[in-house]
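All figures in this text were calculated on a predicted structure; none of them were measured in a lab.
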Amino acid sequence: MFSRRNRRTPRPTSPALLAAWETLDAGDVPGALRQVRAAGEEQPLAEVALVVGRAAGAAGFADLADAAAALTAAPEEARALYDFGYACVERGVPDLAIPALREALRRSGGALPVLRELVSAYEDEGRHREAVTELVRHEGRLADWPDRYLLVYNAVLAGDLELARRQHALLSAPEDAQWQPARDRQDRMLARAADAERAGRLDAADLRGWQYVMGGTVLGTLSPYGFDEGMNGRYAWVQDTPEQCLRGLLRLRSLLAATGVRPRSVSLLPDRDSRILGLAAAEVLCLPAEPFAPGRTDTVVVAYDLDGLAAHDDGPELIGELFERVPGQVLHAHACCWTDPPAITPDSAALLHQSVVAPWGEQLRQGADGGIERGPADDRPEAEIAAGITGADPSAGPGDGDGPADGDAAFAAFATAVAGTWLRGDRARVRSAGPVPGSRFA
């Protein structure tokens, strides 16, 4: 017989992190990480790593668990701080990486690899102004590729076009061919910015303008609700209507007319939502409708929601086929998520939302007992539902009266102003919400 000393597992001493630790005791990993985030960025990094490491182990993320253990053991070592931050970024929690990477940057004397990883974390979080601040602080040591390129990119997404243009003018041609597509995309972004400035004010509330600058999407309609409460033209949760679908299609028609684009057909994608909207689009645009075929030129490809398309059996293949633009092809998406953007960026979008239910989906309604219930989906034939869209009243409601006017003439003027830069380049995903703030809802 021999005695064995009990060794207690170390626990955080910070009250906020201790609460997260106890949440892990209950097996709630997402809840614990939410509590770590809520605790703020000033918590002791060794204790943050203790909680994150335990959460990573429970989730099966051995790389992050190992990096967290190393940071817990050596919280003052730049390498341990960097490795933890890197692992957090790789595992999709860049917000948890930022404090460690900031400290790693300080302790490493401003090492450029650490700076780049910190900028990557800021970008993933949409904190472009902070990324710009860090890059400018080290401007004298920046390499053109990728550092100055990243400074231009983040300056645009922070809304600082003056800085972006000044730094872009200093960029040398990339010696490595792998950076040429990035240079070309940045050239197009700044060209779109010049058009958008002529079209409107391009300030911190110009959602349509900045949406165009970032990815080349012309936004059809602005939400008339919650503008002064932080939505700035975006929707949060949308229970969609045929009227709203028709307004989006009429704005698409106006866009095509203003830019001189003359499609010969509407291409129908295979998911039910997109087929319904595509049939309605064919009627509104007075064009024949035919199933989508890769390589077809001079056509409008209509998606109700690109995320819905991605969920279709053929979705991943279709997304890949739509990434590269075919001559004369226009990709229109009615509903586009702004908090988790789709894998490809559409050329035209009717509205930006956080969550959407199609008009023919399982919408919420008042039940017989006065409570709220989810109604059945509309299972009528696609053509019949599409006819309901084209026969709807397209006039917009007044909203709550706080938003800016979104009249047809102003939209057509914007479309005319950007005609020279629309439909250029690839449809790369734009993860950022850009310089126009927006209130996010769970």
Side-chain angles (χ1 to χ4, degrees), residues 215-221 242 244-310 312-336 342-351 358-360 381-392 394 411-412 415-416 418-427:
T217 300
V218 175
L219 179 60
T221 66
Q244 198 152 247
C245 288
L246 180 56
R247 282 195 296 276
L249 294 176
L250 291 174
R251 287 289 168 91
L252 170 63
R253 187 174 70 183
S254 174
L255 172 61
L256 296 173
T259 55
V261 176
R262 300 287 182 264
R264 295 179 294 180
S265 66
V266 168
S267 292
L268 302 178
L269 293 168
D271 62 295
R272 176 175 166 82
D273 290 350
S274 296
R275 285 185 58 83
I276 291 170
L277 190 68
L279 291 171
E283 184 71 21
V284 169
L285 300 177
C286 300
L287 294 173
E290 48 193 351
F292 171 77
R296 179 181 295 130
T297 60
D298 301 318
T299 188
V300 179
V301 183
V302 175
Y304 178 80
D305 180 350
L306 287 167
D307 290 331
L309 171 65
H312 188 271
D313 289 344
D314 298 325
E317 181 179 355
L318 289 165
I319 293 296
E321 291 167 345
L322 288 169
F323 181 82
E324 297 293 341
R325 179 176 289 102
V326 175
Q329 183 191 81
V330 177
L331 176 60
H332 172 76
H334 173 73
C336 198
I344 51 174
T345 297
D347 306 308
S348 167
L351 60 88
W360 45 88
E382 294 166 356
E384 188 175 338
I385 299 175
I389 294 174
T390 58
F411 175 80
T416 300
V418 303
T421 50
W422 192 46
L423 301 183
R424 292 176 57 191
D426 58 35
R427 295 175 173 141

Asker: Provide the closest heavy-atom pair for I389 versus I276 in the form atom of the first, atom of the second, distance.
Answerer: CD1-CG2, 4.1 Å
Asker: Who passes side-chain hydrogen bond (donor to acceptor under 3.5 Å, both in side chains) against R275, sequence neighbours left out?
Answerer: E382
Asker: Please determine, by modelled atom types, if T299 and S267 share a side-chain donor-acceptor pair under 3.5 angstrom.
Answerer: yes
Asker: Measure from the side-chain N and O atoms of T390 to the backbone N and O of E283, and report whether any donor-acceptor pair falls under 3.5 Å.
Answerer: no
Asker: Among residues two or more places apart or on two chains, list those pairs meeting side-chain hydrogen bond (donor to acceptor under 3.5 Å, both in side chains) that have a residue in residues 315-324.
Answerer: none
Asker: Between atom CD1 of I385 and atom CH2 of W360, what is the distance when rounded to the nearest 0.5 Å?
Answerer: 7.0 Å
Asker: Mind listing the closest non-hydrogen atom pair of G388 and P242 along with its distance?
Answerer: O-CB, 4.0 Å
Asker: For residues L322 and Q329, determine if any side-chain heavy atom of one lies less than 4.5 Å from a side-chain heavy atom of the other.
Answerer: yes
Asker: What residues, two or more places apart in sequence or in another chain, satisfy side-chain hydrogen bond (donor to acceptor under 3.5 Å, both in side chains) together with E290?
Answerer: S265, R296
Asker: Is D347 reaching over with its side chain to a backbone N or O of L331, donor-acceptor style, under 3.5 angstrom?
Answerer: yes
Asker: Kindly confirm or rule out a cation-pi arrangement of R251 over F411, judged by NZ or CZ under 6.0 Å from the six-membered ring centre and within 45° of its axis?
Answerer: yes
Asker: Can you give me the closest heavy-atom contact between P342 and L306, atom names plus distance?
Answerer: CB-CB, 3.8 Å
Asker: Ignoring hydrogens and geometry, is there a side-chain-to-backbone donor-acceptor pair from T259 to L255 under 3.5 Å?
Answerer: yes
Asker: Give the minimum heavy-atom separation between L268 and L279, together with the two atoms involved.
Answerer: CD2-N, 3.7 Å
